[in-house]
Amino acid sequence: MSEETKSLNFIEHIIEEDLANGLPKDKLRFRFPPEPNGYLHIGHTKAIGISFGLGEKYNAPVNLRFDDTNPAKEEQEYVDAIKRDIEWLGYKWENELYSSDYFQKLYDWALQMIKDGKAYVDSQSSEAMAEQKGTPTQVGVAGPYRNRSVEENLDLFQRMKAGEFPAGTHVLRAKIDMEDPNMLMRDPIMYRILYAHHHRTGDEWCIYPMYDWTHGESDYIEQISHSLCSLEFKPHRKLYDWFKEHVYEYSKDKLPLPPKQHEFARLNLSYTIMSKRKLLRLVEEGLVSGWDDPRMPTISGLRRRGYTPNSIRKFIEKVGVAKRENVIDVSLLEFCIREDLNKTANRVMAVLNPIKVVITNYPEGKEEWLDAENNQEDESAGYRKVPFSREIYIEKEDFKEEAGSKFFRLKLGGEVRLKNAYIIKAEHVVKAENGDIEEIHCTYTEDTEKKVKGTLHWVSIKHAITAEIREYDRLFSDEAPDSHADKDFMEFINPNSLNIKTGYLEPSLSEAKVGEQFQFQRLGYFNVDNDSTAEKLVFNKTVGLRDSWAKQKPKSQNNQSQQNKSQQKRPPLSVIQQFGKKYTNLPEEKRLKVKAEIQDLAKDVSYDDLEPLFGTATKKAGTRTVVMIALKVLLKNGLERNDAINQFISKAIEDKNELLVAEATDIF
RNA sequence: UAACCUGUGGUGUAAUGGUAACACUCAAGAUUUUGAUUCUUGUAUUAUAGGUUCGAAUCCUAUCAGGUUAUCCA
């Protein structure tokens, strides 16, 4: 029910308006139209989420339509993968459809267009046509075949279909306007000859319709009410509408609803690439193990990495829908998966960088099976037993011989709690000749009520099982790897995006099944990879836990430089101007604070920069006031008065705003 | 330098002429047998300049910035 109070995005506004203007609700129909030439990635999820989400919201059908008009690139493998991914995300399509189902209909309409003089066969080379097309700043010119007779066009087009011509010799073009400022309107190609085997129609056709001719008409045939796509199709809209208006004239009796296209900004994720072509390159050049490599932004990659459908849908919901370019921070995706897994994943203990701890006052050979809560966020998750013994592993970085009071973990002479077990105290260390610590000798107490600051996870060495642990880092070291005109995105590949190690896990994990998800306590969320076998467990690290301790350590270099950057970014005067906008509305206490800040900033402002602001509109009293404050500082620092200054001040004294008058009088 | 689109905290999204809000990030604190979770608090925003209006993020004009468009791809 909280849905009702949620604000609408611009597409929902459009739909609401259409409904208000008389579109019956049962005419609402959407579609998701992938080309089966690659795997779906997180960017597609946005488009999927929008169209299928709208379907769910309005209880309207959503078609899954494969835009399969280019047999050279498309394969059944991709159709299967796309269906699997959409299903996995939890969406249900009304009909599974293919643009290739409409080839005959499209062909019939094309014949009609030719008869109406709206299309013609061109027989030039693609180079010649490109030349005639002009450029964005220069209009195109008509080619020599533009005015062929209807009979000739009809004859040629039918013979194109019959396979009488080699590929590339003729095309069918819409006859629109070679001078249109929108280049897509300069007689776009509708059909080309292609002798390729189509994954559905086989060798039935040797002419294939182009995207613009196919896509909109497929929407129309399916009676899609709102055809939603990403921003780069905006210029296509004019052509979409042109085709639509013509076929509508031919078929309005049977197909009464002309669809409308609307465009939204597609999703970009920081530190990743979204282009299918580029993702394919990563696969083909072996930089990743496949389309479902856990580092890939593909849906299959995210699935294997341990992302849940829930978390991805939540992410898309949070990202929103609008028309401006955007780059979403990966931290939002990480937040969504943590939020989901925090509620559902059972907690277990695993040590990834082990160091041996010997509990000297615990009897040799003794073992205890202690109770451990599976998930404190979920009471129904229950308890399990974990074995404890004299020798355990803890993480290397959980121990320091000496450390300050901010280090809550184990140090010599210090006490720490072992999760689900006892409290131990580090007595001394055993070192190898090279100085490396080999063992930490501790004593334990059974008084677990005692208050200690730190709690560590651990595993009993005798009982531990081993597993391969795959830890991932971002695939690219650059925030926007494919946005550099002068550099190939491959230059930004992070060589350390995969780190494989052996982990020591509590024995309950020997039962873990492929796909099962856990929280390795204090480390992160992990799932069992497909590569796991009965002999060898393999885990993927889905995402780490938030770690405010890790953040503290590199503070000195990291944070400061970041802060400096943001401070340097804006010149002092523009900061002052910003203050000016709200200055007159601030509560007094805050205003004084701001004023002091302005006075401080004004020291770095030159008169030449300030003077233009004397001309600020009369009604913008706030800006004039802060300029006055800044001016005062400049005068105090030795600036000579001139006519412009005097005029500015005397005009201010006559103002109706008291703050401005006060500042001006003060200076006067 | 043609046409079209877009400019709201660091990031993303609301507010549809009437108190600029929500989420993530970041920071501080409380709780905690995970330095997690949870809770509280905080920093920070309408690209610029004019105009219309009692009142502008919203409408108008200009400027600036970014993006898109020239495959027989989709």
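Letters A, B, ... are given to chains in the order of the sequence lines, protein chains preceding strands, and every chain is numbered from 1. Atoms considered below: every heavy atom in the structure, side chains included; atoms not considered: hydrogens, waters and symmetry mates.
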hbond_proxy A:H236 side chain to B:U69 base (donor-acceptor, 3.5 Å cutoff): no

Is any side-chain heavy atom of A:K238 less than 4.5 Å from a side-chain heavy atom of A:D180? yes

What nucleic acid atoms does A:V171 come within less than 4.0 Å of, heavy atoms only: base, sugar-phosphate, or nothing? base

Does the side-chain ring of A:Y211 sit on the six-membered ring of the B:A74 base, less than 5.5 Å centre to centre and under 30° in tilt? no

Looking at B:U34, does its base get a donor-acceptor pair with the side chain of A:Q519 below 3.5 Å? yes

Less than 6.0 Å separating the ring centroids of A:W213 and A:F243? yes

Is there a side-chain polar atom (N or O) of A:R338 under 4.0 Å from OP1 or OP2 of B:U38? no

Give A:V139 one of three labels, base, sugar-phosphate or nothing, depending on what nucleic acid heavy atoms sit under 4.0 Å from its own. nothing

Got a donor-acceptor pair under 3.5 Å from the side chain of A:R522 to the base of B:G35? no

Do the ring centers of A:Y120 and A:H170 come within less than 6.0 Å of each other? no

Report yes if a side-chain nitrogen or oxygen of A:R186 is closer than 4.0 Å to either non-bridging phosphate oxygen (OP1 or OP2) of B:A70; otherwise report no. no

Angle between ring planes, A:F520 versus A:F526, binned at 30° and 60°: parallel, tilted or perpendicular? parallel

Report each atom pair, protein N/O against N/O of nucleotides 3-7 of chain B, whose distance is under 3.5 angstrom.
none

